[in-house]
Protein chains: 2
Amino acid sequence: MSQREPAAEQARLSVLPQRASGIPEACCTLAIEGREQTRLVQMFKALGNPIRFEILKFLLTHPGCITGDLVNHLPIAQATVSQHLKVLKQAGWVAGTIQGPAVAYCLDDANVAWFRSRVEDVF
Amino acid sequence: MSQREPAAEQARLSVLPQRASGIPEACCTLAIEGREQTRLVQMFKALGNPIRFEILKFLLTHPGCITGDLVNHLPIAQATVSQHLKVLKQAGWVAGTIQGPAVAYCLDDANVAWFRSRVEDVF
DNA sequence: CCCATTAATCGTATAAATACGATCATGAGT
DNA sequence: ACTCATGATCGTATTTATACGATTAATGGG
């Protein structure tokens, strides 16, 4: 074992007496699996991008803003913003509301609450 | 607006009277920005992968298990598991402890708690 | 009925993530 | 010292994500 930790990460490792062989027993069960787990992972993935996190932040402080407001606020093209909004919608973070020729976006409160409760349960 | 919503997502949209022009006022401030935000996004991204989520789940129920236990539990090669563990370590989700020639992994409780509190603050 | 505004989608280029086999370094036991 | 067990890293192939310009479609106003 040598390339195991390249200096920067070495700090996180400490040496302990060797444990007995065998996988440690399961100490608990987890309240998530299957489709719920897939959905949770999808929500994590959607927010695991700086632009999309910024979109969510903006929607949090400016609920009901339209796509164009986000395009003005962000350093990327309209097509890309639209694509990110699609990812956030599919993950359940946001919902759009047609307002004339525009679309106003808000957080999807029910799903946000679900995410929070899952995080509290699991971790 | 027409390709805007391809049938499956149409359900999430409802029609409301058009709002007054202008960006909605900021309704609140957010308790995250800069490096903290980057770190939070990194944690989201790390868990936004089904294999890594499964690793975290396994560590939650089998704290102190070694890499080989995870390799046995997962349907992917050892090199790939090692790579995923590196991502989880860099994001702060897990920490490794050298035990002889092996490395025992556990959740990084402090960072997990930080993540929880950030989720509670922000959303 | 045209025209401007708005935003979703298409096609495509580039970057990043994911996976694997092979190799290498370390620790432990012989 | 030699060998085995362990797991991190390397090189690389493939897939997926990200970004953009261009196009398309729909609404609302003149």
Side-chain angles (χ1 to χ4, degrees), chain A residues 1-10 12-13 15-19 21 23 41-42 44-55 65-72 74-91 94 96-105, chain B residues 1-10 12-13 15-19 21 23 41-42 44-55 65-72 74-91 94 96-105:
Chain A
M1 212 175 313
S2 69
Q3 318 172 269
R4 184 169 290 159
E5 290 300 327
E9 296 174 41
Q10 197 80 35
R12 194 165 291 158
L13 296 178
V15 179
L16 282 189
Q18 196 160 358
R19 70 175 167 87
S21 60
I23 307 178
V41 170
Q42 189 185 16
F44 269 101
K45 185 172 188 173
L47 271 203
N49 172 285
I51 295 283
R52 286 195 292 267
F53 193 92
E54 194 61 39
I55 290 175
C65 76
I66 66 175
T67 310
D69 299 333
L70 286 161
V71 174
N72 291 335
L74 297 167
I76 58 178
Q78 177 265 322
T80 312
V81 173
S82 191
Q83 205 169 292
H84 281 307
L85 281 168
K86 186 176 182 179
V87 173
L88 287 170
K89 269 189 290 184
Q90 286 174 337
V94 309
T97 304
I98 294 176
Q99 286 190 335
V103 176
Y105 283 98
Chain B
M1 211 176 316
S2 70
Q3 317 170 268
R4 186 167 290 160
E5 290 301 325
E9 297 173 39
Q10 197 80 37
R12 193 166 292 158
L13 295 179
V15 179
L16 282 188
Q18 195 160 358
R19 69 175 168 88
S21 60
I23 306 177
V41 170
Q42 188 184 18
F44 269 102
K45 185 173 189 175
L47 271 203
N49 171 286
I51 295 284
R52 286 195 292 266
F53 193 93
E54 194 61 40
I55 290 176
C65 76
I66 67 175
T67 309
D69 300 333
L70 285 162
V71 173
N72 291 334
L74 297 167
I76 59 178
Q78 178 266 321
T80 311
V81 173
S82 190
Q83 205 168 291
H84 281 307
L85 281 168
K86 187 177 181 180
V87 174
L88 287 170
K89 269 189 290 182
Q90 286 176 337
V94 309
T97 303
I98 294 176
Q99 286 190 335
V103 176
Y105 283 98

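Per chain, numbering begins at 1; letters A, B, ... match sequence-line order. Atoms considered below: every heavy atom in the structure, side chains included; atoms not considered: hydrogens, waters and symmetry mates.
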Counting C-beta onward and ignoring hydrogens, is there a side-chain heavy-atom pair between A/V87 and A/Q83 closer than 4.5 Å?
no

Report yes if some heavy atom in the side chain of A/H84 is under 4.5 Å from a heavy atom in the side chain of A/I76; otherwise report no.
yes

Look at the side-chain N and O atoms of A/R52 and state whether any lies under 4.0 Å from the OP1 or OP2 oxygen of D/dT18.
yes

Rounded off to whole Å, could you give me the [atom1]-to-[atom2] distance for the [X] and [N] pair?
X	N	atom1	atom2	value
A/K89	C/dT9	NZ	C1'	11 Å
B/Q83	C/dA16	CD	P	15 Å
A/Q42	D/dA17	CD	C1'	14 Å

How would you label the contact of [X] with the nucleic acid (heavy atoms, under 4.0 Å): base, sugar-phosphate, or nothing?
X	answer
A/S82	base
B/A77	sugar-phosphate
A/T80	base

Closest non-hydrogen atom pair, A/R52 against A/A46
NE-O, 2.6 Å

When A/L85 and A/K45 are each assigned the nearest nucleotide of DNA chain C, the 5'-most assignment goes to A/L85

A/H84 has its side chain closest, among C/dT6, D/dT6, D/dT18, to D/dT18

